[in-house]
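Below: the structure, in structure tokens.
On a predicted model such as this, the values are computed, not experimentally measured, just so you know. In this chain, numbering begins with 1 at the start of the sequence shown. Side chains included, hydrogens not; waters and symmetry mates left out as well; all remaining heavy atoms used.
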Amino acid sequence: MKVYHIPQRRVHLIYNGIPTNMFRRDPRLRSAFRTAHGIPLGAVVFGVAGKLVQPKGFSQLIAVLPMIMSLWQETSPETPLYFIAAGVGM
């Protein structure tokens with residue numbers, strides 16, 4: 001925390017509340033999801049999952065998606081780019 005000049009005594013580690021070992025790559029599920037949603041296997045997919053509320057800043061991400069998509073088309077027109085959001089709110 002030296003970069004932020006925060007005393008070590010004020011820094012506390014909070015472990016992930018989700019058992020991450022439950023989330024492993026599964027090529028069959030990946031392929032099935034992409035097929036069900038019409039997403040080509042070679043496409044790049046990014047997104048968010050969670051409670052879509054203002055404090056988390058999802059509206060800012062959504063606001064800049066057109067710019068991201070435009071830049072992507074300029075630099076990687078041969079690779080489709082998909083954005084997926086899952087959650088409640090907004």
Side-chain angles (χ1 to χ4, degrees):
M1 299 312 318
K2 292 178 184 178
V3 173
Y4 298 107
H5 305 287
I6 299 171
Q8 188 65 38
R9 71 183 190 296
R10 295 193 58 211
V11 177
H12 303 279
L13 176 61
I14 300 173
Y15 292 96
N16 196 339
I18 298 171
T20 56
N21 61 340
M22 292 176 52
F23 302 97
R24 288 182 231 86
R25 292 182 183 205
D26 184 327
R28 289 176 294 160
L29 286 176
R30 177 181 187 263
S31 180
F33 179 87
R34 285 175 176 254
T35 299
H37 297 283
I39 301 172
L41 290 178
V44 171
V45 179
F46 75 102
V48 297
K51 189 172 184 183
L52 306 174
V53 294
Q54 185 62 34
K56 293 189 176 188
F58 294 126
S59 59
Q60 287 90 344
L61 173 60
I62 292 168
V64 299
L65 279 176
M67 182 174 50
I68 292 170
M69 300 299 275
S70 177
L71 290 170
W72 185 265
Q73 283 300 313
E74 291 175 17
T75 59
S76 302
E78 69 287 345
T79 306
L81 177 66
Y82 288 77
F83 172 72
I84 298 174
V88 296
M90 290 186 128

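At a threshold of 4.5 Å between non-hydrogen side-chain atoms, the residues Met69 and Glu74 do not count as touching. Contact of the Leu81 side chain with the Ile68 side chain is registered, since non-hydrogen atoms from C-beta on lie closer than 4.5 Å. Looking only at side-chain heavy atoms (C-beta outward), Tyr82 and Val44 stay at 4.5 Å or farther from each other. Side chains of Pro19 and Met22 form a contact here, defined as non-hydrogen atoms less than 4.5 Å apart. Between Lys51 and Lys56 the shortest side-chain heavy-atom distance falls below 4.5 Å. In this structure the side chain of Trp72 reaches within 4.5 angstrom of the side chain of Thr79, judged on heavy atoms. Using a 4.5 Å cut-off on side-chain heavy atoms (C-beta onward), Ile39 and Phe33 make contact. Using a 4.5 Å heavy-atom threshold, the side chains of Val53 and Val88 count as separate.
A donor-acceptor pair under 3.5 Å is absent between the side-chain atoms of Ser70 and the main chain of Pro66, judged by distance alone. Using a distance-only test at 3.5 Å, with no hydrogens or angles considered, no donor-acceptor pair links the side chain of Ser31 to the main chain of Pro27.
Within a 6.0 Å sphere centred on CD1 of Ile14, heavy atoms belonging to other residues, nucleotides or ligands number 12 at most.
When the side chains of ILVMFWY residues are joined at heavy-atom separations under 4.5 Å, either directly or via intervening members, Val48 and Ile18 end up in two distinct hydrophobic clusters. Side-chain heavy atoms closer than 4.5 Å link hydrophobic residues (I, L, V, M, F, W, Y) into clusters, and following such links, even through other members, never connects Ile84 to Leu65.
In this structure, the separation between CZ on Arg24 and CG on Leu29 is 11.0 Å, given to the nearest 0.5 Å.
Shortest non-hydrogen contact noted between Val45 and Arg34 is CG2-NH2, 3.6 Å.
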